[in-house]
Protein chains: 2
Amino acid sequence: MDTQSRTSVLSRSPFFRELDPRLIELSAQEAQERKLAKQDVLFQQGDEATHHYVVVWGRLRLDQATPDGKNIVLRFMGPGDLLGSVAVFRGMPYPATPVAVEETALLSWSAARMMVLMQENPPLAMRAMGMMGGRIEELQARLQEIATQQVERRIAATILRIAGQSGRRTAEGVEIPFALSRQDLAEMTGTTLHTVSRTLSAWIEEGLLEGRRSSHLVILRPHRLVEISEQA
Amino acid sequence: MDTQSRTSVLSRSPFFRELDPRLIELSAQEAQERKLAKQDVLFQQGDEATHHYVVVWGRLRLDQATPDGKNIVLRFMGPGDLLGSVAVFRGMPYPATPVAVEETALLSWSAARMMVLMQENPPLAMRAMGMMGGRIEELQARLQEIATQQVERRIAATILRIAGQSGRRTAEGVEIPFALSRQDLAEMTGTTLHTVSRTLSAWIEEGLLEGRRSSHLVILRPHRLVEISEQA
DNA sequence: CGACGTCTTGAAATGGCTCAAAGTGAGTGG
DNA sequence: CCACTCACTTTGAGCCATTTCAAGACGTCG
């Protein structure tokens, strides 16, 4: 990928958007490129945090392994999302493992280099804080859901959240444009794949969703799903 | 409070510690002071985010109201903790309401002023990112707990987390030095006060804890509590 | 001393999990 | 191109951890 197309990618990413064009071009020049095939791992939970990454295209699932061998899905990351920075800033090991769910390209910068870029360009640091703040609010919202709502509402809210982050509007409704398994949803909502499967089956029956048997999910009646996620 | 004692407070806070002494003194001079009586609210969830706060002494409970009238406790904040910054950086309303659980003093800076301080002192911005990163990791850890572990383990982990943040070592064990109700614990662990009460009763019976009837909790056998929080 | 808020405890109800088994589609290799 | 395999999904049945409902006890504060 040449500098120009990198620059144009970064200009549209939430992280660099509307910052000084010279900063963007400099960052684009200095970035290293990384490509992942489906199922590839960007880094392992527990590895020393050495780089900041921005997703150029593709999609990753951020997995966190628990001490007792279970797994939870923290979120999915798509184009423009920032990865690794939390750990780098803390000087701690990466707390999760990003796995490509489709072919994915990223740009990366070393911790030291990004530190200099930020110190020399305070708006970039402010932007990073804004993105971290967004992550905190999302996590707080999920904590609230999982702590207070029953499973059906949590599944509805989770599908809506993913649709909001990655959904594509189509003729029939809103499509989630990657393979999102029942197991993934279970690991995002703190339930079992059995319960997710039953719940989605009911919704598909009801004509609310489409996507039996591992095809991409399509939300046919988003408004109804919102109702479920908000039902008393 | 005079500038000197403010300076010394800030020098010991996780936010300013070991930064340029001139920056600390300048920040101390510019800070506004705020005192809260027990039960006072620092600001309301939903208010426009205008200030960053650092707790000088005392303790606050960070409450988040859910759309359907429930409440969850996000965390307790003590001396040195940073409050409000997440919302200020995002330009969004405060997402939660901090309530003083005892008499509390804070220092505050306007959003604009702190922005300038950070732009002129990159290490301060880095520090803020580090603290936000810590919040993200704590939230991810809690999400993992609540998503995968049963109630007893979550209660144990929550008490240990609070003890780690605020506990005081005493002759008998580790004391949590403020009134922490069964309801608070329930709202932090995503369970009911009944279940918390039953669980703590069993632990008190077992000699693991002290603190029947609203006296401060004392962990008599921390190691045993860790075992419970990690039990397969 | 009374009243209220917090806590404790029992008993019954239930949402979601575990266990179990079979169905389906996609990919693969012959 | 077909048969086979494997991973993912669906669905049923029984169970159990936790909630819900209910009642009372304790402490504290005015």
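Proteins get letters first, then strands, A, B, ... in listed order; numbering begins at 1 in each. These values consider heavy atoms only, across backbone and side chains, with no hydrogens, waters or symmetry-generated copies.
The nearest whole Å value for the distance from the CG atom in B/L185 to the P atom in C/dC7 is 9 Å. As rounded to whole Å, 13 Å separates atom C1' of C/dG16 from atom CD1 of A/I146. Protein atom CD of B/Q39 is 12 Å distant from nucleotide atom P of C/dG5, rounded to whole Å. Between B/D184 atom CG and C/dG5 atom P the separation is 16 Å, expressed in whole Å. Summarising the geometry, the separation between CD on A/Q150 and P on C/dG16 is reported as 5 Å, rounded to the nearest angstrom. In this structure, B/E205 places its CD atom 12 Å from C1' of C/dT9, rounding to the nearest Å. Distance NZ (B/K38) to C1' (D/dT28): 11 Å, rounded to an integer number of Å. If you take CZ of A/R198 and C1' of C/dA22, they are 14 Å apart, rounded to a whole angstrom.
Between the side chain of B/R182 and the base of C/dT9, no donor-acceptor pair of N or O atoms lies under 3.5 Å. Interface remark: the B/R153 side chain does not form any donor-acceptor pair with the D/dT18 base, using a distance-only criterion of under 3.5 Å. Taking 3.5 Å as the limit, the base of C/dT9 and the side chain of B/H194 contain a donor-acceptor pair of atoms between them.
Side-chain N/O atoms of A/T195 include none lying less than 4.0 angstrom from OP1 or OP2 on C/dG16. Put simply, B/T192 has no side-chain N or O that comes within less than 4.0 Å of OP1 or OP2 on D/dT18. Residue A/R212 places no side-chain N or O under 4.0 Å from the OP1 or OP2 atom of D/dT9. For D/dT19, one of the phosphate oxygens OP1 or OP2 lies less than 4.0 angstrom from a side-chain nitrogen or oxygen of B/T191.
Nucleic acid contact class of A/S197 (heavy atoms, under 4.0 Å, all strands): base.
Closest to the side chain of B/V151, out of C/dT9, D/dT11, D/dT18, is D/dT18.
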Notebook entry, point to check: Do B/R224 and B/E206 pass the salt bridge (Lys or Arg N to Asp or Glu O under 4.0 Å) test, and can you show the C-alpha distance, the side-chain angles, and the key distance before you say yes or no?
Noted result: CA-CA 11 Å; B/R224 174 74 189 119; B/E206 201 180 316; 3.4 Å; yes

Note to self: Please evaluate residues B/S110 and B/H51 with respect to the criterion side-chain hydrogen bond (donor to acceptor under 3.5 Å, both in side chains), reporting the C-alpha separation (whole Å), side-chain torsions for both, the decisive distance (0.1 Å), and the verdict.
What the structure shows: CA-CA 4 Å; B/S110 73; B/H51 286 76; 5.5 Å; no

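Under the 30°/60° scheme for interplanar angles, the aromatic rings of B/Y94 and B/F43 are found to lie parallel.
Contact detail for B/D81 and B/F76: the closest heavy-atom pair is OD2-O, 4.2 Å.
Under the 4.0 Å criterion applied to side-chain N and carboxylate O atoms, B/R75 and B/E138 are assigned as salt-bridge partners.
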